[in-house]
Every structure is written in structure tokens, then in C-alpha cells.
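So the structure is just underneath, and the comments pick up after that.
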Amino acid sequence: MATETFLDIRDLKIGVTVREPGKPKRDITIVHGVSTTLEKGKVLGLIGESGAGKSTIGLSSLAYGRGGIEITGGEVYINGRDILTLNRAGLNGMRGHEVCYVSQSAAAGFNPAHRLIDQVIEATLEHGLATRPEAEARAKELFAALSLPDPENIGSRYPHQVSGGQLQRVMTAMALCPQPDLIVFDEPTTALDVTTQIDVLAAIKNAIRLTGVAALYITHDLAVVAQVADEIMVLRNGKKVEHGATKQIIEAPQEDYTRSLISVRSIQHEEQKATAEPIIRMENIVAGYSKNHIVLNDVSVDIYAGQTLAVVGESGSGKSTLARVLTGLLPPQSGQITFEGRPLTQSQDARPLDDLRDIQMIYQMADTAMNPRQSVGTIIGRPIEFYFGIKGKALKDKIAELLEKIELPAEMADRYPAELSGGQKQRVCIARALAAQPKVIICDEVTSALDPLVADGILKLLLDLQARENVAYFFITHDLATVKAIADSIAVMHLGKLARYGPKSEVLTPPFDDYTDLLLSSVPEMKLGWLENVISTRKIESAGN
């Protein structure tokens, strides 16, 4: 092995034992003989859709398999030794020292009861790599390198006292503090809005350059990984599809699947003009969680039957709060909502059943939006039975009809959420919302947790259902590519106010206000050097920074 090669994965095979209800257990292979190498100071991007094996391969560099996954064959060399042959003491010495990990959800990766600085330096102290004063000094240097505010004192805060983007950078500092040779970045910006994502990406790229650490960067977004990776390996169904320099992969891909990743988000939705009165009118809404904590300040928007209002902005801009006001979960302090020309009761508890039925919701995380102990048929059937009193064979027929609408086979009714892919779970959540036969559906970041190819399918399904059912969408998102694909009108929110509002064609036509310009320029593009250019030319900082 060449001395400069730090990571060498040879013919890696990974499997899992599946135990389906009522069936004998069986072993399946989820990674099929993948090989790759990585030199010190280089970044390898692992890209592919959900289930491609990206995270599973990344975690193999820690000799770890989660959720019953087992490494069944191959070799993983770190610094010249096969870590798959190490005993427990050897693995403990390697993890958190030579190889560190940055997870997708920083909020779930920190203990809320401990200060940030104590968690950032924990691995460094555990491995005896520095004294506490030395570790704290290094952590503060990393906070500064990662562009965190007040680097000398931010460590004294608790996780809930910093923003999502800041917490993700603190987690990167935690991984860098032990001075590892390799960091595995597992979708570190997927859950962030586009403007915060830019800051985190730039901070990660700068930290890699300053420390010379090698990195595996796992993502399903090719435009994102193109900004940080030296090489990219494209994966599908646990197999290597293509591997090459970043420039070659994005400018001259060799395989059809890679080309499909590059051309994703090709939906062209023609904007519909408003020709009637809005089905919902929200006027001069002021809302918050106390008199001293106002989130929405004089917000007015209209929603039209058969059309989509996209509500876009950074985390904390007030998008979801506006949705809570619409559902009645958060009555406004002032302002009015009308539904089909009549006042809509502001509190959900006081709304008549028909109004509750007419406004439904699809949530961001399908995993947590469904009861894992209920079958798909039960999940979809409950609103049918609750709102319409339909039971027995008629209920089964309605469930089968809804499954057909969301392009899933009728036999899916007997499956449980754990047996579905991410895209299938979100389709079931869409069917549950449609089961009530609503006039308005609130879509809260419904594609942000999905890989681009699956998300594309969900967006196409939503547009098709809208055309057939004439349902209106209140579509919350931070993804401008999604906005362009699905919206008829757009409300750009910034710090609880409307920064820009109107038909899609007008909102996306210059001249722009500074904040809308920031949002539009922050959508990752498939260009080398795009990240540096957008950082150097933007007019204002993101609110999350």
C-alpha cells in the first residue's frame, strides 16, 4: 500500500438478516464488493439515492454496522492495518481518535444536559490526547475556523441555545478536536435551509483545508458534494456505478444513472393565474408564543383552489408558524382568516368537523408521522372511517383506490411502515391526507428528507393529484428548486415578515430585494467553484449565521 493512502476499502461486502412477520428469517446483501481508496487531505464524495449503501460504507471505516448490519466480507485498511480484525480495545482506540463521525442530525447528536465545550472535547480527553486547557484552546480555535460567533464563549452554551447551522458546525469541531486522520460526514447539511447550508459547507471546506484531514462526504445531492469533494463515487443498490474526479463526474458522466442524478429536478410547472376568489385569505396576521415573542408580523397571503402557494425562507422565518395559525393550533393575536368567503374559527378546538376535514397536513418526517404498529391500511383508513363513517368492504375498496392514486399496489395495505422505503412512506402520508377529501393540504417540507430522485417522483405525484382533485397546496419549503418546480405563487418570508409576495413569474423576476437575492443565489449549482463565488458576492448574511 502506498504510504500516502490512508483508507483502503477492498471488496467490501455487507449484509443484514431480515425478519418479516410470518416469514422465515433470511440474509440479504446490501453492499456488493465495493472497493475504494482515499489519500490524506483528500475528500471522497459518496452519492446515491436512499438505500444505495452510502452511510453503510461510510460507517465501515469505523468497523461499525448499525441496525443489525454486519460486515460479511472484504478488508478495511486504516493507516495500513485491517480494522475489521481489531479487538474491542483496538476499535475503541481507533474510533474518536483516528476516525471521527459527523451525523446528519446535530440536534440528536448532542446531550441537551451538557454544555457544548464539554461535549466537543470529550473524545480528546478520553483518548488522552491533550490536557483539558489544551483541548479547550483547540476547540476555541476550531470554533473560529468554522466561523462560529463569539468563539471564546459559545462553548459555554447548551445545544438548544444555538441555531441548527451553528450546532452542525459545533459537531464538526467536535470531530476535528481529536485531530483525526479521517472524518465521515454523513449528510451534514441535508436538514438545513439553503442559506445556512452555504455557511456550513464553506466552514467544513475551510476546516478540511486548514487541518489536512481526509474526509468521506456522504450525500444525495450531487451539486452539494461537487463543492467539497476531490473525487466522487456514485452508488446504487449497494454497488459502485461510477468513480472519478469531481470535474469528470459532473461534466462528463459515463453512466446513465449518474446522468439522471445530474438532470434531476427537470419538472416544468406552468404557473396558473388566479381567476376566482381565494379559497383561503389570511389578512394582517400577527402571531407568536407570548406578547413578548412575536413570530409573525402583519402577514397577508391568499391560497387559490387547484393552485400552490409556496412559502419559502430560512429556519426561523415564520413558515411553520404561519401553517400553525392556518390549522388553528396557534390562534393569531390579531388578523383574520377567511375560508370560502366566511370567517374561519381561529382555534382548532372550536372548529366544526367539516372545517377540520377540509384542511389536512402532510409532515416532513414520514417516519415519525405514522404509528409503526399500524398497517398502511389502518393508517389510510382511519380518516375515511372518522370523517365519513365508512367501514367493512367499502373501507377496503376506498383504501385500495387511494393506494392506486399514489401509485402503490393494493397489497401495500398489509405492510407496516418499517417495511417501506422513504418515498413509499411519504406517499402513504399523502394518501392519508387525501382520504379526508380536503380542499387545502399543508405540505410541510415534504421532500426535504428524501433524495432528489425520490423527491422528484413525489412532486410529480402531488402535481398530478392537484390537477385531478383540484386541491390547493400551502407548500412550506426552503428549497428554491422545489419552488420553481411546483409553485403558482410564492411568499418569501424573512424574520416573520413578507419580504416578497406574488405570482411565481413576478417573484422570480429581478430586480430582487437583498434577502430574495440571497435565497435564489444559495441554491447549489452543478459548477466547480460555485460555493466560493456565492460567498464572495452575496449582499447580506443569512439570519442563521
Side-chain angles (χ1 to χ4, degrees), residues 267-285 287 296 298-313 317-328 332 335-344 346 354-355 357-362 430 433-434 436-444 446-447 459-494 497-513 515-516 519-520:
I267 299 173
Q268 297 294 325
H269 172 62
E270 188 174 339
E271 174 189 317
Q272 304 297 307
K273 300 296 182 184
T275 57
E277 288 297 304
I279 187 171
I280 285 181
R281 172 161 281 169
M282 304 180 76
E283 296 180 279
N284 309 114
I285 299 296
L296 299 174
D298 195 28
V299 175
S300 299
V301 295
D302 294 334
I303 305 171
Y304 293 88
Q307 295 187 20
T308 299
L309 167 66
V311 184
V312 64
S317 63
K319 306 186 301 295
S320 294
T321 301
L322 189 60
R324 288 173 66 84
V325 170
L326 178 56
T327 59
Q336 179 175 290
I337 308 171
T338 55
F339 180 67
E340 295 184 319
R342 59 180 172 80
L344 183 67
Q346 293 184 345
D354 281 347
D355 284 351
R357 181 182 65 80
D358 279 334
I359 302 175
Q360 293 293 310
M361 192 157 184
I362 306 168
I430 292 170
L434 287 172
Q437 299 178 20
K439 295 176 181 177
V440 178
I441 296 179
I442 299 169
C443 303
D444 191 359
V446 295
T447 59
L459 292 178
K460 288 173 182 174
L461 173 65
L462 287 170
L463 286 171
D464 181 54
L465 290 170
Q466 185 176 59
R468 283 189 277 145
E469 309 289 333
N470 201 40
V471 65
Y473 294 141
F474 181 96
F475 202 101
I476 301 168
T477 183
H478 59 243
D479 185 350
L480 269 294
T482 298
V483 170
K484 293 174 183 177
I486 200 169
D488 297 290
S489 57
I490 301 172
V492 179
M493 297 199 65
H494 183 48
K497 297 181 179 180
L498 281 177
R500 197 172 176 95
Y501 171 61
K504 176 171 66 174
S505 56
E506 292 181 13
V507 172
L508 298 182
T509 300
F512 301 118
D513 60 279
Y515 181 67
T516 304
L519 275 181
L520 292 172

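The basis for the numbers below is simple: all heavy atoms, side chains too, and nothing from hydrogens, waters or symmetry mates. When a residue number appears, it is its place in the shown sequence, counting from 1.
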Flag side-chain contact, heavy atom, 4.5 Å: Phe512 against Leu519: no

The side-chain contact (heavy atoms from CB on, under 4.5 Å) partners of Thr477 (sequence neighbours excluded) come to Glu445, Phe475, Asp479, Thr482, Val483

What pairs meet the salt bridge (charged side-chain N to carboxylate O under 4.0 Å, His left out) rule with one or both residues in residues 299-309, with sequence neighbours excluded? Arg281-Asp302

How close do Thr338 and Gly341 get, counting heavy atoms only, and between which atoms? CB-C, 4.4 Å

Using the salt bridge (charged side-chain N to carboxylate O under 4.0 Å, His left out) criterion, which residues pair with Arg357? Sequence neighbours excluded. none

Please report the shortest heavy-atom distance between Tyr501 and Leu309, naming the atom on each side. CE1-CD1, 3.9 Å

Arg324: which residues meet the salt bridge (charged side-chain N to carboxylate O under 4.0 Å, His left out) condition with it, sequence neighbours left out? none

When rounded to the nearest 0.5 angstrom, what distance separates CD1 in Ile280 from CD1 in Ile303? 4.5 Å

Please test Ile285 against Ile337 for side chain to side chain contact (heavy atoms under 4.5 Å, CB included), starting from the C-alpha separation and ending with a verdict. CA-CA 8 Å; Ile285 299 296; Ile337 308 171; 4.1 Å; yes

Quick check for you: to the nearest 0.5 Å, what is the distance between Ile490 atom CD1 and Glu271 atom CD? 8.0 Å

Can you list everything that forms a salt bridge (charged side-chain N to carboxylate O under 4.0 Å, His left out) with Lys504? Sequence neighbours excluded, please. none

Sequence neighbours excluded, the answer for side chain to side chain donor-acceptor pair (under 3.5 Å) partners of Gln272 is none

Less than 4.5 Å apart, side chain to side chain, heavy atoms only: is that true for Met282 and Val299? no

Is Phe339 close to Asp355 at the side-chain level, that is, under 4.5 Å between some pair of heavy atoms? yes

Indicate yes or no: at least one non-hydrogen side-chain atom of Leu296 is less than 4.5 angstrom from one of Pro332. no

Val471 and Ile441: which non-hydrogen atoms are nearest, and at how many Å? CG2-CG1, 3.8 Å

Has Gln307 got a side-chain atom pairing as donor or acceptor with Lys273's backbone, closer than 3.5 angstrom? yes

Quick check: closest heavy atoms across Ile279 and Ala305, and the distance to 0.1 Å? CG2-N, 3.9 Å

Value for OH (Tyr473) from CD1 (Ile362), rounded to nearest 0.5 Å, stands at 6.5 Å

Please check: side-chain N/O of Glu506 versus main-chain N/O of Ser489, any donor-acceptor pairing under 3.5 Å? no

For Met493, is there any backbone N or O sitting under 3.5 Å from a side-chain donor or acceptor partner on Lys319? no

Side chain to side chain donor-acceptor pair (under 3.5 Å) involving Ser300 - partner list, sequence neighbours excluded: none

Among residues at least two apart in sequence or on other chains, which ones pass side-chain contact (heavy atoms from CB on, under 4.5 Å) with Ala499? Val492, His494, Asp513, Tyr515

Spatial distance of atom CG (Leu461) from atom CD1 (Ile430) [nearest 0.5 Å]: 5.0 Å

Minimal heavy-atom distance between Leu326 and Ile359, with the atoms involved, is O-CD1, 4.2 Å

Determine the minimum heavy-atom distance between Pro438 and Ala433, stating which atoms define it. CD-O, 3.3 Å

With sequence neighbours left out, the residues meeting salt bridge (charged side-chain N to carboxylate O under 4.0 Å, His left out) with Asp298 are none

Can you sort out the partners of Glu340 under side chain to side chain donor-acceptor pair (under 3.5 Å), two or more places apart, ordered by chain and number? Lys439

Thr308: which residues meet the side chain to side chain donor-acceptor pair (under 3.5 Å) condition with it, sequence neighbours left out? Gln466

Give, for atom NE2 of His269 and atom NZ of Lys484, the distance between the pair rounded to the nearest 0.5 Å. 15.0 Å

